Student: 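Structure incoming, see below.
For the numbers below, each heavy atom of this structure counts, side chains included, while hydrogens, waters and symmetry mates do not. Given the structure is predicted, the values throughout are model-derived calculations rather than measurements.
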Amino acid sequence: MGEVQLPFNPGSGAAVYHSSVWPGLMLEWKQEHLLLEFPVEAEGLSSAVYGGGMVRLKRAVNQFVSRDYECSNPVRDMENKLREWGYPLEGCAGLMTAVPLEHAAVAEEDIGSAGIFCCVTAASGNAARAGVRRNVLAAYRSGTINIMLGIDGRLTPSAMVNAVMTATEAKAAALADLGVTDPENGLIATGTTTDAVVLAVSGSVRYAAEHVYAGTATDLGGAIGRLVYAAVTASLGSVKAAQLARKDSQ
């Protein structure tokens, strides 16, 4: 696995990141959003608030919204933004986050049978633990840990589900190792209350293999776990460093 990067640190001046493992895949920091553009239409599986489910994807956007975003109709709001930005509505998955986009972390790996790209925006302000009773939300809130995964290769539909499972396990492991807790009960958090994930698979035949599993004991799943763990950790660390810097300057 290569180094985890924070490609859009304001000091770098960078606004575009070109994938080193999926030719033509591009992540761009634009006004109010990150745009992940796929070079070919991809098989998608996501929990995106807009365009989620099992769909064909050409792009994914991760929109920045303020913490006081009025979220009664996020689908309508996302659709309006996509039109404003000039993107076709079809083939787009839309996520929302209150994490400033310069804290996006990117990690990639070519495992010889697939190229894997991972981008994460993460903060833990509404950390939560699954499996316990807690307060529920009456309306959508912008996701706090958003994971965008792109895989250049071939996966069966069941392997795609398996890949999302592995990514979720890796996110929970990162939170546990960082000691992030659910403020309602003090227990180790497994995520936040409205996390989201987008998985896009190219179906490219440039790799000979078709993956039928993506659990942690497979090359594919092992790499997904490493990338998500590293990117979640890096994004959370960047947010924390910025918060500390603001405190020191006051």
Student: So, using salt bridge (charged side-chain N to carboxylate O under 4.0 Å, His left out) as the criterion, who are the partners of Asp182 when residues are at least two apart?
Tutor: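 Asp182 satisfies salt bridge (charged side-chain N to carboxylate O under 4.0 Å, His left out) with Arg134 once adjacent residues are dropped.
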
Student: Taking atom types as modelled, is there a side-chain donor on Asn126 or Thr193 under 3.5 Å from an acceptor on the other?
Tutor: yes

Student: Would you say Lys171 and Ile145 make side-chain contact, with heavy atoms under 4.5 Å?
Tutor: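 Heavy-atom side-chain distance check passes, below 4.5 Å.
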
Student: Treat each ILVMFWY residue as a node, draw an edge where side-chain heavy atoms are under 4.5 Å apart, and state whether Met160 and Tyr207 are in one component.
Tutor: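 Per the 4.5 Å side-chain linkage, Met160 and Tyr207 are not co-clustered.
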
Student: Are Val106 and Leu95 connected into the same hydrophobic cluster when the rule is that any two of I, L, V, M, F, W, Y join if their side-chain heavy atoms are below 4.5 Å apart?
Tutor: yes

Student: Can you find a heavy atom in the side chain of Lys58 that is under 4.5 Å from one in the side chain of Pro88?
Tutor: no

Student: With salt bridge (Lys or Arg N to Asp or Glu O under 4.0 Å) as the rule and sequence neighbours excluded, what pairs involving residues 80-89 come up?
Tutor: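 Found Glu32-Lys81, Glu79-Arg83, Lys81-Glu84.
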
Student: Taking all non-hydrogen atoms of both residues into account, name the closest pair between Thr144 and Val99 and its distance.
Tutor: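 Closest pair (atom of Thr144, atom of Val99, distance): O-CG2, 3.6 Å.
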
Student: Does some side-chain heavy atom of Asp77 sit less than 4.5 Å from a side-chain heavy atom of Val75?
Tutor: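 Answer no - side chains too far apart.
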
Student: Identify, with sequence neighbours excluded, every residue that meets ring-ring contact (aromatic ring centres under 6.0 Å, His included) alongside Phe8.
Tutor: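 Phe8 satisfies ring-ring contact (aromatic ring centres under 6.0 Å, His included) with Trp29 only.
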
Student: Using 0.5 Å steps for rounding, measure from the CG atom of Asn146 to the CG atom of Asn62.
Tutor: 4.5 Å

Student: Against Arg59, only a single residue in Glu28, Glu41, Glu37 fulfils salt bridge (charged side-chain N to carboxylate O under 4.0 Å, His left out); can you say which?
Tutor: Glu37

Student: When rounded to the nearest 0.5 angstrom, what is the spacing between OG1 in Thr216 and CZ in Arg226?
Tutor: 11.0 Å

Student: How many angstroms lie between atom CG of Leu236 and atom CG of Leu175, to the nearest 0.5 angstrom?
Tutor: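 Reported to 0.5 Å precision, the distance equals 6.5 Å.
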
Student: With clusters defined by side-chain heavy atoms of hydrophobic residues (ILVMFWY) lying less than 4.5 Å apart, directly or transitively, does Leu6 cluster with Leu27?
Tutor: no

Student: I need the Phe117 CZ to Ser20 OG distance, nearest 0.5 Å.
Tutor: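 So the CZ of Phe117 and the OG of Ser20 are separated by 9.5 Å.
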
Student: Test: ring pair (Phe, Tyr, Trp, His ring centres under 6.0 Å). Region: residues 9-28. Which pairs qualify, not counting sequence neighbours?
Tutor: Trp22-Phe38

Student: Considering non-hydrogen atoms only, spot the tightest contact between His211 and Ala114 and give its length.
Tutor: NE2-CB, 3.9 Å

Student: Among residues at least two apart in sequence or on other chains, which ones pass ring-ring contact (aromatic ring centres under 6.0 Å, His included) with His33?
Tutor: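 Listed in chain order: Trp85, Tyr87.
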
Student: Which pairs, with at least one residue in residues 234-245 and sequence neighbours excluded, count as a side chain to side chain donor-acceptor pair (under 3.5 Å)?
Tutor: His103-Ser238

